[in-house]
Amino acid sequence: MGLEKIRERMCAFLNGQGLQTVVAWPRQEREEISGAVVSVALRHCEAGPSGFRDYLGERWNEETQEWEELYGRKTRLTFGLDLYADPLEGENAIQNAFDLLLEAFQEDGPAGLKLLELSCGETEFDVSGRLLRRNVEAVCSAYLYAVTQPGGAFLDFEIRGDVKV
């Protein structure tokens with residue numbers, strides 16, 4: 001899995017932690033919300049070299065019983081995890097959702113992503129959406145890498161996090 005599904009991966013992680021989520025700019029019409037909702041967007045992506053000519057090393061593939069070479073780049077991803085709630089719910093709904101967000105990142109984050117920073121702004125009224133809104137950003141690091149078959153053909157790109165020792 002490359003970057004094409006990274007927002008969905010973050011949504012799935014946060015849903016598993018008890019938060020309501022939606023991918024920012026969904027194709028369907030916005031549903032009525034109850035409580036607070038986290039709108040997940042990818043705001044920024046930086047990628048830089050991680051090894052000589054992006055070579056990361058080798059790994060043994062149990063399925064094929066062959067060594068695979070890994071090539072890739074270290075990435076820094078900035079997610080927008082903006083919180084929205086109906087004004088009738090009050091700012092307390094936003095604060096409770098932010099507290100859950102903090103708890104979600106206390107242990108491990110989404111698979112392949114390592115949280116570096118989590119920050120938020122103040123709760124404001126979003127006139128266009130007629131909702132309370134608090135901007136939240138999560139900065140994560142990951143490796144975007146590709147695997148090669150014997151002979152050098154690339155298989156697919158995936159995202160991996162830092163290895164825990």
Side-chain angles (χ1 to χ4, degrees), residues 1-48 50 56 59 70-147 154-164:
M1 183 199 84
L3 287 175
E4 70 276 358
K5 298 282 185 195
I6 194 71
R7 296 178 310 159
E8 289 83 356
R9 181 183 279 193
M10 181 63 81
C11 280
F13 167 73
L14 294 174
N15 280 332
Q17 302 296 313
L19 289 153
Q20 292 185 74
T21 64
V22 63
V23 173
W25 305 105
R27 293 178 189 246
Q28 68 271 14
E29 190 173 316
R30 185 179 86 194
E31 297 176 17
E32 287 292 319
I33 62 172
S34 62
V37 173
V38 182
S39 175
V40 178
L42 183 60
R43 290 198 177 135
H44 190 73
C45 176
E46 293 176 48
S50 186
L56 298 175
R59 74 172 178 196
L70 305 176
Y71 292 85
R73 296 186 158 249
K74 188 166 186 170
T75 59
R76 183 178 171 102
L77 306 167
T78 303
F79 289 93
L81 303 177
D82 298 333
L83 300 170
Y84 290 91
D86 188 301
L88 297 175
E89 302 269 344
E91 187 176 357
N92 197 34
I94 296 279
Q95 185 59 49
N96 289 340
F98 184 71
D99 293 344
L100 276 175
L101 212 76
L102 286 173
E103 287 178 31
F105 286 108
Q106 287 298 316
E107 297 294 320
D108 292 330
L113 298 174
K114 180 181 177 187
L115 181 70
L116 301 174
E117 301 172 28
L118 185 66
S119 60
C120 75
E122 294 182 19
T123 301
E124 300 173 336
F125 183 73
D126 179 11
V127 177
S128 63
R130 297 183 310 276
L131 296 168
L132 293 177
R133 174 184 179 179
R134 181 183 291 183
N135 290 335
V136 178
E137 284 194 343
V139 179
C140 299
S141 69
Y143 285 95
L144 180 62
Y145 77 96
V147 178
F154 284 103
L155 297 175
D156 199 2
F157 284 91
E158 294 186 33
I159 286 205
R160 295 292 298 217
D162 292 334
V163 177
K164 288 190 174 189

Specify the closest pair of heavy atoms between [X] and [Y], including all atoms of both residues, with the distance to one decimal.
X: C140; Y: M10; answer: SG-CE, 4.4 Å
X: Q17; Y: A104; answer: CG-CB, 3.6 Å
X: A142; Y: G112; answer: CB-O, 3.3 Å
X: A97; Y: A36; answer: CB-CB, 3.5 Å

(request) Could you walk me through whether V37 and L131 pass the side-chain contact (heavy atoms from CB on, under 4.5 Å) test, one step at a time? (result) CA-CA 11 Å; V37 173; L131 296 168; over 6 Å; no
(request) Quick one: list whatever passes salt bridge (Lys or Arg N to Asp or Glu O under 4.0 Å) with E122, sequence neighbours left out. (result)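 If we apply the salt bridge (Lys or Arg N to Asp or Glu O under 4.0 Å) test to E122, skipping adjacent residues, there are no hits.
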(message) Does V40 form a side-chain contact (heavy atoms from CB on, under 4.5 Å) with L81? I'd like the steps, not just the answer.
(response) CA-CA 5 Å; V40 178; L81 303 177; 3.9 Å; yes
(message) Are F79 and L113 packed together at the side-chain level, in the sense that at least one heavy-atom pair is separated by less than 4.5 angstrom?
(response)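 They are in contact (side-chain heavy atoms under 4.5 Å apart), so the answer is yes.
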(message) Any heavy-atom pair between the side chains of P87 and R130 that's under 4.5 Å?
(response)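 With C-beta onward as the side chain, the pair stays apart.
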How long is the straight-line distance from [atom2] of [Y] back to [atom1] of [X], given to the nearest 0.5 Å?
X: L70; Y: R59; atom1: CG; atom2: CZ; answer: 5.5 Å
X: I94; Y: L101; atom1: CD1; atom2: CG; answer: 11.0 Å
X: T78; Y: L42; atom1: OG1; atom2: CG; answer: 8.0 Å
X: S141; Y: E46; atom1: OG; atom2: CD; answer: 11.5 Å
X: T75; Y: Y143; atom1: OG1; atom2: OH; answer: 9.0 Å
X: T123; Y: N135; atom1: OG1; atom2: CG; answer: 9.5 Å

(request) Could you pull out all residues at least two apart from F105 that satisfy ring pair (Phe, Tyr, Trp, His ring centres under 6.0 Å)? (result)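 Per chain and number, F105 pairs via ring pair (Phe, Tyr, Trp, His ring centres under 6.0 Å) with F13.
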(request) Go through D99 and Q95 one step at a time and tell me if the side-chain contact (heavy atoms from CB on, under 4.5 Å) criterion holds. (result) CA-CA 6 Å; D99 293 344; Q95 185 59 49; 2.9 Å; yes
(request) Output all residues satisfying side chain to side chain contact (heavy atoms under 4.5 Å, CB included) with Q106, sequence neighbours left out; order by chain, then residue number. (result)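 In terms of side chain to side chain contact (heavy atoms under 4.5 Å, CB included), with neighbours along the sequence ignored, Q106 is linked to no residue.
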(request) Applying side chain to side chain contact (heavy atoms under 4.5 Å, CB included), name anything that partners L100, two or more places apart in sequence or on another chain. (result)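 Only L19, E103 meet the side chain to side chain contact (heavy atoms under 4.5 Å, CB included) criterion with L100.
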(request) Could you note down all residue pairs passing salt bridge (charged side-chain N to carboxylate O under 4.0 Å, His left out) where residues 132-144 supplies at least one of them, sequence neighbours left out? (result)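 Matches after skipping sequence neighbours: R43-E137, D82-R133, E91-R134.
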(request) Would you mind listing every ring-ring contact (aromatic ring centres under 6.0 Å, His included) that reaches into residues 110-137, with sequence neighbours excluded? (result)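 ring-ring contact (aromatic ring centres under 6.0 Å, His included) check on residues 110-137 returns no pairs.
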(request) Look at the side chain of R76 and the backbone N and O of V139, then say whether any donor-acceptor pair between them is shorter than 3.5 Å. (result)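 Not a single qualifying donor-acceptor pair exists.
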